[in-house]
Amino acid sequence: MRSPQVVSDPALPTEVTIYEVGPRDGLQNEAELVPTAVKAELIGRLLAAGLPVVEATSFVHPRWVPQLADAAELLGELDRTGIDHTVLPVLVPNERGLDRALELGCRHIAIFGSATETFAQRNLNRSLDGQFEMFEPVVTRALAAGIDVRAYVSMCFGDPWEGEVPVGQVVATGKRLLDLGASQLSIGDTIGVGTAGHVRALVAAFGEAGVGTDRLAMHFHDTYGQALANAHAALQVGVTTFDASAGGLGGCPYAKSATGNLATEDLVWMLRGLGIETGVDLDALLATSVWLAGVLGRPSPSAVVRALGAGG
Ligand code: HMG
Ligand code: MG
């Protein structure tokens with residue numbers, strides 16, 4: 001079968017927005033540098049497959065993430081291939097990153113905070129409180145320039161150095177990022193340790209703090225095989241935006257034990273079976289991930305890519 005039998009669940013949303021992070025969260029973790037032309041082709045194919053949002057790259061320090069040091073070249077390459085790069089979000093941690101993004105006309109940026117002290121230090125070289133001082137001028141200047149700002153919050157379900165992360169700490173961090181002026185908060189399970197009840201509890205806690213599901217996205221990594229179950233749990237409590245990465249690429253170079261994101265194909269398969277619209281052409285997406293697995297020289301970890309790639 002190339003597509004699941006559709007059995008809709010009237011209790012679930014009818015439409016979901018998939019925020020594709022493969023070119024950024026996926027490729028930032030590759031041991032070998034991926035050629036800029038391959039990145040541009042990946043983004044072009046993802047857009048052609050109907051992904052409504054494709055995060056392109058990061059304007060972080062090139063020494064911290066050499067995999068994405070070609071951010072400016074990539075955006076230029078996209079323009080040359082007829083893709084308007086200004087509609088694609090890019091990660092920006094600080095004012096230097098914002099300057100680089102503004103120079104190239106980017107209209108959508110994402111800041112990325114941490115719910116824990118240790119990861120703030122390791123990922124941003126800032127304290128938990130210090131990260132907000134770094135983000136504040138970024139968001140202020142971006143909003144003044146009419147640029148949309150998304151905010152990630154990492155380590156929401158557990159941290160490899162600190163262990164359990166209290167729900168209240170995640171909500172407090174997320175609220176501070178939203179209060180700076182971000183339009184959407186993406187709740188990151190950076191190391192993939194979350195489980196379904198935890199997801200529902202966290203969404204409920206945000207709701208009690210006045211942050212509704214219309215302002216939330218879920219960002220699951222699949223380290224413990226929970227990403228799809230967690231996405232279903234989030235759907236049940238009304239979340240309609242999900243981050244995913246084509247073929248399940250990914251990880252985070254500054255979070256030990258972080259593996260790939262929820263695979264976009266696995267998410268699309270589940271949503272299609274539930275009769276939930278995403279606008280994504282699964283065959284075109286699959287062909288993209290099979291092509292990329294060939295380029296990277298290893299099979300995709302996505303169950304759907306493996307099943308359909310082998311003939312379905
Ligand atoms: P720092 O060393 O503290 O930076 O790094 P600084 O402000 O002290 O500046 C030092 C030098 O770096 C200066 O140069 C700056 O100009 C330069 P100098 O004056 O010495 O010649 N510099 C930059 N150059 C280019 N672009 C920049 C930039 N900033 C400073 N943006 C910094 C602080 C935040 C920059 C660094 O820690 C960094 O780049 N971190 C990024 C780490 C990262 O990208 N991690 C992966 C993304 S997060 C993730 O994957 C999680 C997520 O998927 C959600 C989830 O799963 O949970 C989003
Ligand atoms: Mg991530």
Side-chain angles (χ1 to χ4, degrees), residues 19-30 55-72 89-104 106 109-116 118-127 130-138 141-142 149-160 165 170 173-174 177 182 184-194 202 216-223 226-227 230 241-246 248-264:
Y19 184 106
E20 170 65 44
V21 295
R24 193 279 304 169
D25 208 351
L27 297 186
Q28 76 181 7
N29 214 39
E30 284 299 312
E55 194 169 74
T57 186
S58 298
F59 286 101
V60 296
H61 197 297
R63 265 201 312 275
W64 283 63
V65 184
Q67 292 89 338
L68 303 184
D70 64 347
V90 293
L91 247 57
V92 164
N94 57 10
E95 288 197 88
R96 175 79 188 98
L98 180 67
D99 290 339
R100 293 171 61 202
L102 284 174
E103 233 166 78
L104 293 163
C106 297
I109 65 164
I111 56 172
F112 48 104
S114 169
T116 67
T118 313
F119 192 61
Q121 299 279 0
R122 287 182 176 257
N123 199 45
L124 296 165
N125 202 23
R126 295 294 181 278
S127 65
Q131 66 181 337
F132 300 105
E133 283 162 37
M134 182 167 75
F135 296 141
E136 196 275 328
V138 173
R141 285 179 53 205
V149 182
R150 171 186 236 228
Y152 287 95
V153 57
S154 287
M155 300 300 173
C156 295
F157 295 88
D159 173 292
V165 181
V170 176
T173 310
L177 292 168
Q184 183 177 65
L185 188 69
S186 176
I187 309 294
D189 185 5
T190 320
I191 55 168
V193 291
L202 191 52
L216 296 181
M218 303 307 294
H219 179 102
F220 295 122
H221 285 257
D222 203 28
T223 322
Q226 304 298 303
N230 289 343
T241 302
F242 291 88
D243 299 359
S245 112
L249 282 169
C252 175
Y254 291 99
K256 63 179 179 191
S257 79
T259 64
N261 293 80
L262 167 60
T264 313

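First listed ligand is number 1; within each ligand, the first listed atom is number 1. For this chain, numbers begin at 1 and follow the sequence in order.
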Ignoring hydrogens and geometry, is there a side-chain-to-backbone donor-acceptor pair from [X] to [Y] under 3.5 Å?
X	Y	result
Gln131	Leu124	no
Asn230	Gln226	yes
Asp189	Gly194	yes
Thr223	Ile191	yes
Thr264	Ser245	yes

Quick one: which of [options] has a heavy atom closest to [atom]?
atom	options	value
atom 6 (P) of ligand 1	His61, Met134, Arg126, Arg150	Arg126
atom 51 (C) of ligand 1	Cys156, Ala110, Ser154	Ser154
atom 46 (C) of ligand 1	Gln131, Gln28, Arg100, Arg63	Gln28
atom 43 (C) of ligand 1	Val153, Asn123, Asp243	Asn123
atom 1 (P) of ligand 1	Asn125, Ile191, Asn94	Asn125
atom 38 (C) of ligand 1	Phe119, Trp64, Phe157	Trp64
atom 28 (C) of ligand 1	Gln67, Glu95, Gln121, Arg96	Arg96

Would you check if there is a donor-acceptor pair between the side chains of Asp25 and His219 at a distance under 3.5 Å?
yes
If the cut-off is 4.0 Å to any non-hydrogen atom of [X], which atoms of ligand 1 fall inside it?
X	value
Gly97	31 (N)
Val65	43 (C), 44 (O)
Pro62	25 (C)
His221	56 (O)
Phe59	27 (C), 31 (N)
Leu124	33 (C), 34 (C), 37 (O)
Gly188	57 (O)
Tyr152	54 (C), 58 (C)

Looking only at heavy atoms, the pair that brings Ala244 and Ala263 closest together is CB-C, 4.3 Å
Least distance between heavy atoms, Phe59 atom then Ala72 atom:
CE2-N, 4.1 Å
Under 4.0 Å, heavy-atom basis, I'd like to know which part of Val92 is in contact with ligand 1: side chain, backbone, both or neither.
neither
Asp25 and ligand 1 - part of the residue with a heavy-atom distance under 4.0 Å:
side chain
What's the separation between atom CG in Leu98 and atom CD in Glu103, rounded to the nearest 0.5 Å?
10.5 Å
Six-ring centre of Phe112, Arg24 cation under 6.0 angstrom, axis tolerance 45°:
no
Closest [X] atom to the Mg ion (ligand 2) [N, O or S only]:
X	value
His221	NE2
His219	NE2
Asp25	OD2

Would you say [X] has any N or O atom under 3.5 Å from an N or O of ligand 1, going by distance alone?
X	result
Thr190	yes
Pro93	no
Arg24	yes

Residue pair Val90 / Thr57, side-chain heavy-atom distance below 4.5 Å
yes
Would you call Glu55 and Val21 a side-chain contact if the rule is heavy atoms closer than 4.5 Å?
yes
Candidates Thr190, Ile187, Val170 - the one meeting side chain to side chain contact (heavy atoms under 4.5 Å, CB included) with Phe157:
Ile187
Ion pair Asp243/Arg150, N-O distance below 4.0 Å
yes
